[in-house]
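First up is the structure itself, then whatever we jot down about it.
Computed from a prediction, not measured in an experiment: that's the story for all the values here. Order of the sequence lines fixes the chain letters, A, B, ..., with proteins taken first and strands second; residue numbering starts at 1 for each chain.
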Number of protein chains: 2
Amino acid sequence: MSLKSQHIPRATIQRMAVYIQVLESLQRDGKDVISSELLAKTCSVNPSQIRKDLAYFGEFGVRGVGYYVQDLITSIKQALGVDRVWKTAVVGIGNLGRALLNHREFKLRGFHIVGAFDCDPFKIGEIVSGLEVICSRRLKEKAEEIGIEIGIITTPPERAQRATNYLVDAGVKGIINFAPARINVPDDVTVEYVDFFHHLYAVAFNVTLNAESE
Amino acid sequence: MSLKSQHIPRATIQRMAVYIQVLESLQRDGKDVISSELLAKTCSVNPSQIRKDLAYFGEFGVRGVGYYVQDLITSIKQALGVDRVWKTAVVGIGNLGRALLNHREFKLRGFHIVGAFDCDPFKIGEIVSGLEVICSRRLKEKAEEIGIEIGIITTPPERAQRATNYLVDAGVKGIINFAPARINVPDDVTVEYVDFFHHLYAVAFNVTLNAESE
DNA sequence: CAATTCATGTGAAATTTTTAACAAAAAACG
DNA sequence: CGTTTTTTGTTAAAAATTTCACATGAATTG
């Protein structure tokens with residue numbers, strides 16, 4: 001039952017993150033129990049979808065009642081593996097890198113930034129948000145010392161692949177890439193791309209579409 | 001032929017944005033022509049997928065040759081409606097709002113930020129990146145003056161819905177929501193959610209999964 | 001304590017999306 | 001100038017995902 005070794009759709013994982021978001025806001029509002037129907041409405045998905053998604057990981061609800069908000073948050077976080085601390089490192093200390101280092105929501109959510117790397121000699125040695133900027137070339141060496149599980153790339157696009165190589169070489173198995181460039185990694189390394197221009201494009205497209213059909 | 005009024009999958013639009021990204025980097029590298037096979041490899045998708053995606057919008061390639069990089073960029077941008085200037089406004093002038101206002105890539109990509117709004121009396125009147133911060137309550141009035149097509153919400157979660165209401169009331173039909181909260185909008189308004197913790201969750205999940213199956 | 005209500009969990013149906021296969025068209029070559 | 005090569009555009013098959021429908025089980029009510 002807990003060994004549901006089938007493939008879990010990527011879309012399911014994305015929705016799980018949305019469920020957490022909504023559940024946490026319900027929790028802040030003091031709601032104890034929620035039905036899949038109501039949760040679905042808030043998330044703009046089908047109620048069956050929610051039940052199906054959750055079923056990949058186990059049975060978290062009570063028939064005739066619904067889901068206990070606090071319990072469900074805990075269960076989903078456990079299912080995703082975000083019920084613990086993850087050690088992360090930022091590679092590329094530009095504006096975005098600095099912003100992320102100063103963003104305290106990271107620690108709050110269990111993602112501890114334990115390393116800051118850059119290849120610019122002028123930045124090396126600088127202290128950003130309590131962390132000394134280290135030369136990217138020393139990433140592997142430092143990783144062995146501090147332990148890095150997830151790498152966050154915030155370099156310019158042309159340096160994203162080199163940053164990736166350093167991370168992969170250091171044994172990092174998960175990467176968030178903010179640089180507007182595709183990167184190559186071995187099969188056992190996961191990459192997520194973050195680029196809000198993609199979202200802007202999507203909105204622009206939909207607005208154009210709706211305006212035309214009007 | 002250009003009136004392909006069928007529904008275009010959301011996934012297609014997301015990939016189109018990726019294609020632009022890769023094509024622009026190919027262009028920087030001086031590449032003139034690219035085949036769907038090579039482009040596919042770089043984007044980690046199936047070659048048929050690319051041809052299918054492009055077919056929704058028209059015929060952009062030359063059989064036996066491939067796609068002309070510059071032409072394809074132009075065509076995709078036109079198809080998405082991002083070959084022109086979009087007027088945007090930021091609502092919520094916190095750290096993230098300020099960062100976006102100072103980010104010159106926006107203008108470079110045709111998204112001009114023409115308004116900055118916040119409800120905090122201490123922030124109103126302040127000049128951020130050449131723009132005066134205006135009271136959110138005056139959004140509609142200001143929108144009529146400057147014209148706002150896309151709203152960017154960077155408020156705390158509990159104020160996201162109010163920001164949304166101001167934007168909708170002002171006739172804005174597209175919204176990018178950076179606040180970690182779901183928002184309600186009429187059917188004719190498009191919303192895109194941006195939350196990089198969702199990506200962190202996805203990476204954490206995949207890393208956990210791969211580590212277990214090893 | 002049987003009957004009713006309610007909302008979950010799930011297997012089957014419907015839909016959507018992706019992949020494969022191939023015909024069509026453009027260029028290259030002898 | 002026909003033949004071969006190449007790679008697109010497109011139709012058909014396959015796979016994946018979403019939705020529906022309902023049986024199941026927990027709580028509540030008379």
First encountered from the 5' end of DNA chain D, between A:Pro9 and A:Arg51: A:Pro9
Heavy atoms of other groups near A:Phe60 CZ, more than 12 under 6.0 Å: yes
Touch class at under 4.0 angstrom, heavy-atom based, for B:Ser48 against every strand present: base
B:Ser36 side chain near D:dT8 phosphate (N/O to OP1/OP2, under 4.0 Å): yes
Touch class at under 4.0 angstrom, heavy-atom based, for A:Arg15 against every strand present: sugar-phosphate
Flag if over 12 foreign heavy atoms under 6.0 Å of CZ, A:Arg84: yes
Heavy-atom neighbours of A:Asp188 CG exceed 12 at 6.0 Å: yes
Under 3.5 Å donor-acceptor pair, B:Arg63 side-chain atoms to D:dG9 base atoms: no
D:dT19 OP1/OP2 closer than 4.0 Å to side-chain N/O of A:Gln49: yes
d(CG, A:Asn46; C1', C:dG9) in whole Å: 14 Å
Sugar-phosphate only, base, or nothing, as touched by B:Thr12 at under 4.0 Å among non-hydrogen atoms: nothing
Side-chain ion pair, A:Glu59 and A:Arg51, N-O less than 4.0 Å: no
C:dT10 base / A:Lys52 side chain donor-acceptor hit below 3.5 Å: no
